[in-house]
Amino acid sequence: MAGSEREIAFIKGDGVGPEIVDNSKRIVDAAVEKIGAGRIKWIEALAGSEAEKKFGNRLPDESIEIIKRCGVAIKGPIETPVGKGFTSINVRLRLMFDLYANIRPVKWFPGIASPITNPEKIDLVVFRENTDDLYRGIEWKYDSAEAGTVRDFLNANLGTDIENDSGIGIKVMSKAKTERVTRMALNYAIKHKRRSITVMHKGNIMKYTEGAFREWAYNIAKTEFRSSIITEEEVAAGGSNKGKILFNDRIADNMFQQIITRPGEYDMILAPNLNGDYVSDAAGALIGNIGVLGGANIGDTYAIFEAVHGTVPKYAGQNIANPMGILSACCLMLEHIGMEKAALMIKDAVSATLKDRIATKDIARFMGSVPVGTDEFSDAVIDRLSKV
């Protein structure tokens, strides 16, 4: 890609979003320049509160067209106002661009205080189905006419006994959507030489949604990836998992305790949308700071990368926010567009910066070091790009 230019859309978002996005962009630019991989042309797409002020729309058509043109975007955190009728822009983007896989690597950074004794064992990737399940938003308020219609129909025709003061939400689990995210997870595991994939589900209770997710995932693994996988049952029967990906499953509540008590045993987790949301945040907590994590939302055509933390409005504009989350997302983006060297360089530079006890307030307080600002931390990372 030497001498070429790649357009990438960026959304600054709300709260601390603008400052962490701007700092991450300049770190990415410095790394890309250093490896001689051409340059990135950043194209801004407004979304969130700034878009609402300018266009009267929190996700204007102009921004949608920019993302479509670029195909790839970095997104800062965007507020979803509570109780004001706004739907989540994050969910809308995932559904609009069919970003059916949310990928979140979780790995401990030395120097960050963790609530467990051996955080160095955590090297986990969560694959979350991103467009199905309760996040489809098919629900009705308890006292709405629609909820009444659904309750009456179910009670009269399907033998249910739903109380009249019940809100209604529909959990949708598609066979085709489960199969495609399973394929992506297995291909990712093969490419990245991962050890195992664990399907996380509550199929013992929700047999025809989460139980079906488990069944469909196993079917894809056994029929389309037979030469690459071995199941836990097959290993127990004497089969060898040498050179193969161990494919197994865990009930959701057991999965939570397993990643806490036996973190080194789990390598990749494949989960439906809601479970994936829960477990990816729980895994982030195990490394001591969810704010350092980034995530990828990927489909067959488009990809949007984001920090996993929220807008943190109380810290906005104060130069104290940690940019590591959006920077981790930028590394995933660089890997996605074929700039793996730049991504690795940034990761090494961040590790070197933390090793030198240079960190923003959220991490420095556990290191016993003097905190630096968002800009100063970013300067330190850029300085170490030339030394790694």
What's the verdict on side chain to side chain contact (heavy atoms under 4.5 Å, CB included) for I346 and L334, showing C-alpha distance, side-chain angles and the deciding distance? CA-CA 10 Å; I346 291 171; L334 289 168; 3.7 Å; yes
Kindly determine whether D379 and R26 satisfy side chain to side chain contact (heavy atoms under 4.5 Å, CB included), including the steps that lead there. CA-CA 9 Å; D379 290 340; R26 64 190 185 95; 2.8 Å; yes
Output, in order, the C-alpha distance, side-chain angles, deciding distance and verdict of side chain to side chain contact (heavy atoms under 4.5 Å, CB included) for E224 and L186. CA-CA 10 Å; E224 298 184 17; L186 281 157; over 6 Å; no
Test D123 against R194 for side chain to side chain contact (heavy atoms under 4.5 Å, CB included), laying out the working first. CA-CA 10 Å; D123 185 0; R194 305 299 300 196; 3.7 Å; yes
Show the numbers, then the answer: is there a side-chain hydrogen bond (donor to acceptor under 3.5 Å, both in side chains) between E129 and T131? CA-CA 6 Å; E129 200 291 320; T131 61; 2.9 Å; yes
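Donor-acceptor pairing under 3.5 Å is recorded for the side chains of Y266 and R250. Judged by distance alone, the side chains of S49 and D14 do bring a donor and an acceptor atom under 3.5 Å apart. Under the 3.5 Å distance criterion, with hydrogens and angles disregarded, no donor-acceptor pair is assigned to the side chains of N241 and E234. No donor-acceptor contact under 3.5 angstrom links the side chains of E65 and S63, judged on distance only.
V370 and I320 end up in different hydrophobic clusters when Ile, Leu, Val, Met, Phe, Trp and Tyr side chains are linked at under 4.5 Å. Using a 4.5 Å cut-off between side-chain heavy atoms of Ile, Leu, Val, Met, Phe, Trp and Tyr, with links allowed through other members, I245 and V181 fall into the same hydrophobic cluster.
No side-chain donor-acceptor contact under 3.5 Å links D132 to the backbone of N273. Formation of a donor-acceptor pair under 3.5 Å by the N322 side chain with backbone atoms of M324 is found in this model. Checked by atom type and distance alone, the side chain of N319 pairs as donor or acceptor with a backbone atom of D375 at under 3.5 Å.
Exactly one residue among V126, N254, I269 makes a side chain to side chain contact (heavy atoms under 4.5 Å, CB included) with I259. That residue is I269.
Counting only residues at least two apart or in different chains, ring pair (Phe, Tyr, Trp, His ring centres under 6.0 Å) contacts with residues 91-115 comprise F97-Y302.
A 6.0 Å sphere centred on CD of E33 holds no more than 12 heavy atoms belonging to other residues, nucleotides or ligands.
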